[in-house]
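Here is the structure we will look at.
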Amino acid sequence: MPFSCSDCLPDLLCCEDAGSCLADDDELRKYSPPDLEFPSDIEESIARFVEEEGEYVPGFDYLERFQSQSLDASARQESVAWILKVNAFFCFQPLTAYLSVNYMDRFLASRCLPQANGWPLRLLSVACLSLAAKMEEPIVPSLLDLQVESSKLIFDPRTIIRMELIVLSALDWRLRSITPFTFIDFFAYKVDSTGTLVRLLVSRATQIILHIIKDINFIDYCASSVAVAAILCAANEIPNLSYVKPGNAVEWCHGLSKDRIVSCYELMQEVLIDNSPRSKPKLPKVPPQLRMTTRAAGIDSSCSNSSSSSTSSSSSSSSSNKRRKLNNLLWVDDDYDDEDKDKF
């Protein structure tokens, strides 16, 4: 007697034939990437996203504040690096990381944080990542687990929740932002209409987008320009698609700016070239006898370090116990001054 799902779950299947609930091969094949078909109004939808994307970017003077050093670009870069590290640790979607940075930039463009040894910005980063994860991830870790990569600062969940509310108020509760990931699938098919290399294009463009969000120079570009430039850079690495020119991409959708696309593409190419392994200077080859001497010296230094670390283990263990709770909400190290705690 053949096994039937309806025999075990008759109530859940509502007396339907179990076979009718399973898609056949022809139906599943429709959803494979090469045969994917966009809705008939996709052109209008993408054009509308391009028109509305300006509502989800920081203020026009946000980049100037970094250039004038009224905002610390290195502190932002450190926060973005932390977000990317935690995003990778929990295997979050790339969109989650991008949204976190978008929330942080939009908040900093409208509000000022106290300069208190960096912990207010770290608290903002945790709150933005938490909000983005709640928006995009099916499973969200606890607020304490979310701080897995925090070495010095561990915030109480109530503090993070309070900061989330402050962020939500600053963003007018508009968390469904328009990002480059809104466009890259559509633009990838514009480059490769056959669909055979679309998945490769999207994957490489995603890597590029996550790489350049640490650079403040890309803050000035809208999501559509970043998406087009990332797809073009990805296509440039594939011989069969390297013929696509940035100036022609403006025809992909109504509302795109040729000047912004070309400018963003050129900047993105510079960043990728500067960070490519080929652009890094090669280390001189070390003769075998020197290599052995270096290795022996490294062993001696490691032994001396281990002996010194054993003598300082008692002091480090005592200092680790010196964390104290601020206002029953925030844990910080003793390195943070009492003056800094009163600023937030």
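Position 1 is the first residue of the sequence, and the numbers go up from there.
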Candidate pair S263 and Y221, rule side-chain hydrogen bond (donor to acceptor under 3.5 Å, both in side chains), full reasoning: CA-CA 9 Å; S263 175; Y221 293 97; 2.4 Å; yes
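- Test D105, V101, L99 against Y103 for side-chain contact (heavy atoms from CB on, under 4.5 Å) and you get one pass: L99.
- Without hydrogens or angle criteria, N102 side chain to Y56 main chain gives a donor-acceptor distance under 3.5 Å.
- Between the S130 side chain and the V126 main chain, no donor and acceptor come within less than 3.5 Å of each other.
- The side-chain heavy atoms of P94 and I209, taken from C-beta on, include no pair separated by under 4.5 Å.
- Across all non-hydrogen atoms, the minimal contact from A97 to I83 is O-CG2, 4.1 Å.
- Heavy-atom contacts from other residues, nucleotides or ligands closer than 6.0 Å to NZ of K258 number 12 or fewer.
- With hydrogens and angles ignored, the 3.5 Å screen pairs a side-chain donor or acceptor of S79 with a backbone N or O of A75.
- Taking OG of S203 as the reference point, atom CD1 of I208 lies at 10.0 Å (rounded to 0.5 Å).
- No path of Ile, Leu, Val, Met, Phe, Trp and Tyr side chains, each step under 4.5 Å between heavy atoms, connects V140 with M163, placing them in separate hydrophobic clusters.
- Checking side-chain atoms of E136 against main-chain N and O of L95 turns up no donor-acceptor pair under 3.5 Å.
- Side chain of T179 to main chain of F181: a donor-acceptor pair is present (N/O by atom type, distance under 3.5 Å, no hydrogens or angles).
- Under the 4.5 Å side-chain criterion, counting only non-hydrogen atoms from C-beta, F218 is in contact with V271.
- Within the model, atoms CD1 of I184 and OG of S224 stand 13.0 Å from one another, a figure rounded to the nearest 0.5 Å.
- I261 contributes atom CD1, which lies 11.0 Å from atom CE of M268 (distance to the nearest 0.5 angstrom).
- Enclosure of atom CD in E52 by more than 12 non-hydrogen atoms of other residues, nucleotides or ligands within 6.0 angstrom is indicated.
- In this structure, C112 and R65 approach most closely via the heavy-atom pair SG-NH2, 4.3 Å.
- With contacts defined as side-chain heavy-atom distances shorter than 4.5 Å, the pair E164/L143 qualifies.
- Looking at I212 and V226, their side chains come closer than 4.5 Å, going by heavy atoms from C-beta outward.
- The minimum heavy-atom distance between S100 and A132, with the atom names listed, is OG-CB, 3.3 Å.
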Residue pair L71, I216: steps toward the side chain to side chain contact (heavy atoms under 4.5 Å, CB included) verdict: CA-CA 11 Å; L71 288 175; I216 61 171; over 6 Å; no
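- Ring-plane geometry between W119 and F155 is classed as tilted, the angle between the planes lying from 30 to 60 degrees on a 0 to 90 degree scale.
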Working for side chain to side chain contact (heavy atoms under 4.5 Å, CB included), residues R76 and M104: CA-CA 9 Å; R76 178 192 179 273; M104 182 180 67; 4.1 Å; yes
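- Under the 4.5 Å side-chain contact rule for hydrophobic residues, F183 and V262 do not share a cluster.
- Counting all heavy atoms, side chain and backbone alike, A229 lies closest to C264 at CB-SG, 3.8 Å.
- Within the 4.5 Å cutoff, side-chain heavy atoms of L108 are placed close to those of Y62.
- Of the N and O atoms on the side chains of S142 and D145, at least one donor lies less than 3.5 Å from an acceptor on the other residue.
- A single hydrophobic cluster is seen to contain both I42 and V198, as judged by linkage of ILVMFWY side chains at heavy-atom distances under 4.5 Å, directly or through other members.
- The shortest non-hydrogen separation linking A249 to L256 is O-CD1, 3.5 Å.
- For the atom pair E137 CD and T96 OG1, the distance stands at 3.5 Å (nearest 0.5 Å).
- Remark: the backbone N or O of F107 is paired with a side-chain donor or acceptor of S110 at under 3.5 angstrom.
- No hydrogens or angles considered: nothing links the side chains of S257 and D259 as a donor-acceptor pair under 3.5 Å.
- Judged by distance alone, with hydrogens and angles left aside, the side-chain atoms of Q269 form no donor-acceptor pair with the main-chain N or O of C233 at under 3.5 Å.
- Here OG of S74 is found 9.5 Å from CD of Q69. Values are rounded to the nearest 0.5 Å.
- L200 has its side chain out of reach of D192: every pair of non-hydrogen atoms, C-beta onward, lies at least 4.5 Å apart.
- Between T182 and I46 the shortest heavy-atom distance is O-CD1, 4.1 Å.
- Residue N236 holds its CG atom at 12.5 Å from CD1 of I231, rounded to the nearest 0.5 Å.
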Chi angles and distances behind the salt bridge (Lys or Arg N to Asp or Glu O under 4.0 Å) call for E78, K85: CA-CA 11 Å; E78 181 180 349; K85 185 181 295 185; over 6 Å; no
Step-by-step side chain to side chain contact (heavy atoms under 4.5 Å, CB included) determination, L272 to H211: CA-CA 9 Å; L272 295 177; H211 177 74; 4.2 Å; yes
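- Looking at N87, L129, L121 one by one, the single match for side-chain contact (heavy atoms from CB on, under 4.5 Å) with W82 turns out to be L129.
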Return a table of donor-acceptor pairs under 3.5 angstrom between the side chains of residues 165-174 and protein atoms on other chains or two or more places apart.
residue	atom	partner	partner atom	Å
R174	NH1	E55	O	3.3
R174	NH2	E55	O	3.3

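- Residues I219 and V57 form no side-chain contact, since every pair of their non-hydrogen atoms from C-beta on lies 4.5 Å or further apart.
- Looking at heavy atoms from C-beta onward, H254 lies out of side-chain contact with V50 at the 4.5 angstrom threshold.
- Taking the six-membered ring where tryptophan is involved, the planes of F187 and W252 are tilted, since the angle between them lies from 30° to 60°.
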